[in-house]
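Have a look at the structure below before the remarks.
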Number of protein chains: 2
Amino acid sequence: MTNNLKKLKQVLAKEGLRFTCQREEVWKEILSSGEHRDADEIYHSLREKGISVSRATVYRTIDVLVKYNMVRKLDVGVGPSKFEHKIDISHHDHIICMKCGKIEEFVVNQIENLQERVAEQYSFKLVRHIHQLFGICKDCQ
Amino acid sequence: MTNNLKKLKQVLAKEGLRFTCQREEVWKEILSSGEHRDADEIYHSLREKGISVSRATVYRTIDVLVKYNMVRKLDVGVGPSKFEHKIDISHHDHIICMKCGKIEEFVVNQIENLQERVAEQYSFKLVRHIHQLFGICKDCQ
DNA sequence: CTTAACTTGAGACTCATTATCAATAAGGAT
DNA sequence: ATCCTTATTGATAATGAGTCTCAAGTTAAG
Ligand SMILES: [Zn+2]
Ligand SMILES: [Zn+2]
Ligand SMILES: [Zn+2]
Ligand SMILES: [Zn+2]
């Protein structure tokens with residue numbers, strides 16, 4: 001935890017940004033959950049805890065965290081983007097139920113490797129990828 | 001061509017919708033290009049050809065075409081969604097340059113198969129998938 | 001403690017897309 | 001062909017996620 005705060009401080013320093021309690025709270029809030037939440041959910045969760053922060057600051061802080069790979073942005077095809085922290089969490093992709101919105105995580109190393117090869121083939125320097133499977137989950141079928 | 005118009009008529013009939021010249025023109029416009037274009041580009045292209053159609057109708061028609069798998073919607077991570085027709089075009093995914101926006105297409109059958117297995121594993125009935133690699137293309141590096 | 005520079009938050013704004021609704025067009029029945 | 005009912009169109013308003021603005025408040029270097 002203290003370790004993660006240090007990480008935030010370092011990143012802010014690297015960006016020439018100041019360490020403020022709002023940024024700290026946003027980061028702690030994102031760290032506190034393993035869910036995939038949108039900016040507004042994060043904002044409201046903070047508000048409910050009595051922490052005064054604005055939507056703008058939530059978005060601004062998330063931007064930095066995403067840039068430094070501490071948070072992942074997830075476009076789920078409809079509605080707002082979702083976010084999840086990447087601390088102690090290995091890379092995974094998502095399979096999403098189109099009816100109930102349930103999100104499950106999966107990893108297939110073979111796919112990850114094949115992606116790298118595609119990038120090489122097209123002479124792209126790979127930065128990130130989106131791999132999302134949309135379907136109907138067992139409960140909704 | 002006539003074949004594709006028939007397809008549109010069938011689809012509209014199935015949906016209880018009427019076959020109108022606007023819908024026909026939108027479909028023909030999308031068919032006429034192999035590019036990945038957004039709704040506004042399609043709209044303007046029609047306008048330039050002197051075809052009177054509104055943005056709303058372009059969006060509405062695309063919705064139906066996407067629903068019936070005649071057009072694919074492509075979320076490129078920034079800006080408006082892009083569309084491409086799926087007639088005589090086999091499935092492919094996309095590798096996108098984050099600087100210049102260039103879009104290349106790729107297919108790896110092994111990945112496609114692995115996806116199916118993931119869906120099975122999670123008891124999802126797979127409907128569609130997004131697989132997009134974001135990076136920097138050779139020219140932009 | 002001062003001061004310059006950065007950050008915050010309320011609200012205005014943007015942009016893509018969707019909704020509204022009066023006017024128009026389609027197409028089945030006669 | 002002419003009605004007549006219903007669907008469609010398009011101009012415009014509305015929406016929703018996210019960004020921008022700027023005055024007021026904080027931060028931290030000196
Ligand atoms: Zn992956
Ligand atoms: Zn996840
Ligand atoms: Zn694929
Ligand atoms: Zn394509």
Carboxylate-amine/guanidinium proximity below 4.0 Å for [X] and [Y]:
| X | Y | value |
| --- | --- | --- |
| Lys49(B) | Glu29(B) | yes |
| Lys99(B) | Asp139(B) | no |
| Glu84(B) | Arg37(B) | no |
| Glu24(B) | Lys9(B) | no |

How long is the line joining [atom1] of [X] and [atom2] of [N], in whole Å?
| X | N | atom1 | atom2 | answer |
| --- | --- | --- | --- | --- |
| Lys9(A) | dC6(C) | NZ | P | 20 Å |
| Lys73(A) | dT19(D) | NZ | C1' | 11 Å |
| Glu25(A) | dT7(C) | CD | P | 17 Å |
| Asp40(B) | dT14(C) | CG | P | 17 Å |
| Arg60(A) | dT19(D) | CZ | P | 11 Å |
| Tyr43(B) | dT17(C) | OH | C1' | 15 Å |
| Leu46(A) | dG9(C) | CG | P | 11 Å |
| His44(B) | dA16(C) | NE2 | P | 11 Å |

> Side-chain contact, heavy-atom cut-off 4.5 Å: His129(A) with Gln132(B)?
Replying inline: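 No, every pair of side-chain atoms sits at 4.5 Å or beyond.
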>> Which residues in residues 12-24 of chain B have a heavy atom closer than 4.0 Å to any atom of DNA chain C?
In response: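 Output list: Arg18(B), Phe19(B).
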> Per the end-axis method with five pairs at each terminus, what is the bend angle of the helix from dC1(C)-dG30(D) to dT30(C)-dA1(D), to 10°?
Replying inline: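 Terminal axis comparison yields 30°.
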> Does any residue of residues 47-54 of chain B have a heavy atom under 4.0 Å from DNA chain D, and if so, which ones, in number order?
Replying inline: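 Nucleic-acid contacts, sorted: Ser52(B), Val53(B), Ser54(B).
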> Which nucleotide in the list dT19(D), dG18(D), dG10(D) gets nearest to the side chain of Ser81(A)?
Replying inline: dG18(D)
>> Quick check on dT19(D): is either OP1 or OP2 less than 4.0 Å from any side-chain nitrogen or oxygen of Tyr59(A)?
In response: no
> Does any donor-acceptor pair link the side chain of Arg55(A) with the base of dG11(C) at a separation under 3.5 Å?
Replying inline: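 Not at all, since no donor on one side and acceptor on the other fall under 3.5 Å apart.
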>> Which heavy atom of Phe134(B) sits nearest to which heavy atom of Ile130(A), and what is that distance?
In response: CE1-CD1, 3.5 Å
> Shortest non-hydrogen contact from Ile95(B) to Ala119(A)?
Replying inline: CD1-CA, 3.8 Å
>> Over 60° means perpendicular and under 30° means parallel, so tell me whether His94(A) and His36(A) are parallel, tilted or perpendicular.
In response: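 Ring orientation of His94(A) relative to His36(A): perpendicular.
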> Okay, side chain of Ser45(A), backbone of Ile42(A): is any donor-acceptor separation there less than 3.5 Å?
Replying inline: no
> So, Glu15(B) and Tyr68(B): side-chain donor and acceptor under 3.5 Å apart, yes or no?
Replying inline: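 Judged by distance alone, the side chains do pair up.
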> How long is the gap from CD1 on Ile30(A) to CZ on Arg72(A), to the nearest 0.5 Å?
Replying inline: 14.0 Å
